[in-house]
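Remarks on the structure that follows.
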Amino acid sequence: MSVEVDPSPAEGPLLTVRVAQRSDTGRVRAENQDFLDVSHPRDGVTLLIVADGMGGHRGGATASRLAASEVAQRFASSTAEDPRLALVSAFLEANQAILVQSQESQDLRGMGTTCSALLVDGNRAYTAHVGDSRVYRIRGGIAEQLTQDHSLVATMVREGLLTDEEAEVHPRRNVLQRSVGVASDLEVDVSEPFDLIDGDTFLLCSDGLHGLVRAEEMVAVVEREDPSESVQKLVDMALERGAPDNVTVVVAQVVSESGSEQPVGTASPEAPQEPRSRGSLWRWVLFALLVLGSVATLGLVLQWSGR
Ligand code: CA
């Protein structure tokens, strides 16, 4: 089988991500029903997940924990070659796992959760999403929401029935039209692959953050701070504003390989070869010099012994 070299995304430097995360119960709720997961299912692959559970008693926390951990595990063990297929299957299997548990226990009946995932695979990324947690991409000083909220108010805004400002204070703004674990059918939004650029920053969060901190404020924080400072600051901002809900945020900053500790750009077996980094070029130059040196020495020895 021949592998064609795809000229688009792999050109340019090998990219890596720096990830930081924080989740907080907030100032009003007794329990944190948000759950996040950061995993590296394969060399060069990073999967980030935020889930925001709902349902009384133990339900909400169980649903979000199950969604995040099941999606991560099922994705890691998937044999599908297309990451989009692997993501959707992982969501559907997590959906089933939650549904089964909710039907087995009175305590957990009716539980459900949002689930938003960002997959970084080499120099490409994907989102998969259900609910109203969000994935933003911050590039060039602008935050772009990559996911669409599956909430009643978001639909009303899209249909022109509400303004953004009205939606923010609407009494039914927490009502979801799609969530994981409540029915056997589930429609999962999965994105086309998109290329990463050095300097991109991704932010995943639950509505406990995006309901209180505006996108422009997120941009200002992540552009000034490194990811671990950013997640601290963003959660602190929500807490200062009363944090009536659980607050969860994951920040992933894309940098070229020389600036980071965690490689994510290793080529998968089917992927085109990545261009060599400057570091490995130097190793090749050194190796070539050593070979030349050895050949020259051998030549001298042969010349000498031939005398
Ligand atoms: Ca929430």
Side-chain angles (χ1 to χ4, degrees), residues 21-38 48-71 91 94-95 98 102 108-118 127-136 143 145-157 162 164 166-182 186 188-189 202-215 217-218 231-232 234-251:
Q21 64 277 347
R22 191 176 166 198
S23 187
D24 196 286
T25 305
R27 296 220 185 273
V28 176
R29 300 276 172 92
E31 180 195 32
N32 192 349
Q33 299 195 333
D34 286 357
F35 202 87
L36 65 84
D37 191 88
V38 175
L48 312 174
I49 302 169
V50 166
D52 173 356
M54 62 216 73
H57 303 295
R58 301 182 292 124
T62 305
S64 61
R65 180 181 48 75
L66 267 176
S69 53
E70 288 284 320
V71 167
F91 268 64
N95 184 63
I98 296 168
S102 82
L108 303 175
R109 196 140 297 168
M111 67 176 173
T113 182
T114 74
C115 191
S116 299
L118 175 76
T127 61
H129 161 79
V130 172
D132 69 348
S133 299
R134 291 181 180 173
V135 182
Y136 292 94
Q145 188 183 329
L146 300 181
T147 49
Q148 193 173 68
D149 294 350
H150 301 135
S151 63
L152 180 67
V153 291
T155 303
M156 289 169 80
V157 168
L162 281 182
D164 284 330
E166 287 166 341
E168 279 172 19
V169 294
H170 197 279
R172 300 189 69 200
R173 64 185 176 279
N174 292 328
V175 176
L176 289 184
Q177 291 176 316
R178 251 198 257 178
S179 49
V180 181
V182 294
L186 179 67
V188 182
D189 288 356
F202 293 90
L203 189 153
L204 289 78
C205 65
S206 61
D207 64 340
L209 184 79
H210 70 68
L212 292 176
V213 177
R214 308 188 75 84
E217 295 176 302
M218 297 176 188
V231 296
Q232 294 286 341
L234 289 164
V235 172
D236 286 345
M237 284 167 82
L239 292 172
E240 283 159 18
R241 295 171 191 187
D245 196 359
N246 309 140
V247 189
T248 298
V249 59
V250 181
V251 169

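We count ligands from 1, going down the list as the structure has it; atoms in each ligand are counted the same way. The shown structure was predicted, so the numbers you read here are calculated from the model rather than taken from an experiment.
Under 3.0 Å from the Ca ion (ligand 1), one finds the following protein N/O/S atoms: Asp52 OD2, Asp207 OD1, Asp245 OD2.
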Task: Stepwise salt bridge (charged side-chain N to carboxylate O under 4.0 Å, His left out) test for Arg173 and Asp149 - done: CA-CA 11 Å; Arg173 64 185 176 279; Asp149 294 350; over 6 Å; no
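Atom CZ of Arg172 and atom OG of Ser151 lie 11.5 Å apart (nearest 0.5 Å). Rounded to the nearest 0.5 Å, atoms CG (Asn246) and CG (Asp52) are 7.0 Å apart. Taking CG from Asp34 and CG from Asp207, the interatomic distance works out to 7.5 Å, rounded to the nearest 0.5 Å. Here the OG1 atom belonging to Thr114 is positioned 8.0 Å from the NE2 atom belonging to His129, to the nearest 0.5 angstrom. For the atom pair CD1 of Ile98 and OG1 of Thr62, the computed distance is 9.5 Å after rounding to the nearest 0.5 Å.
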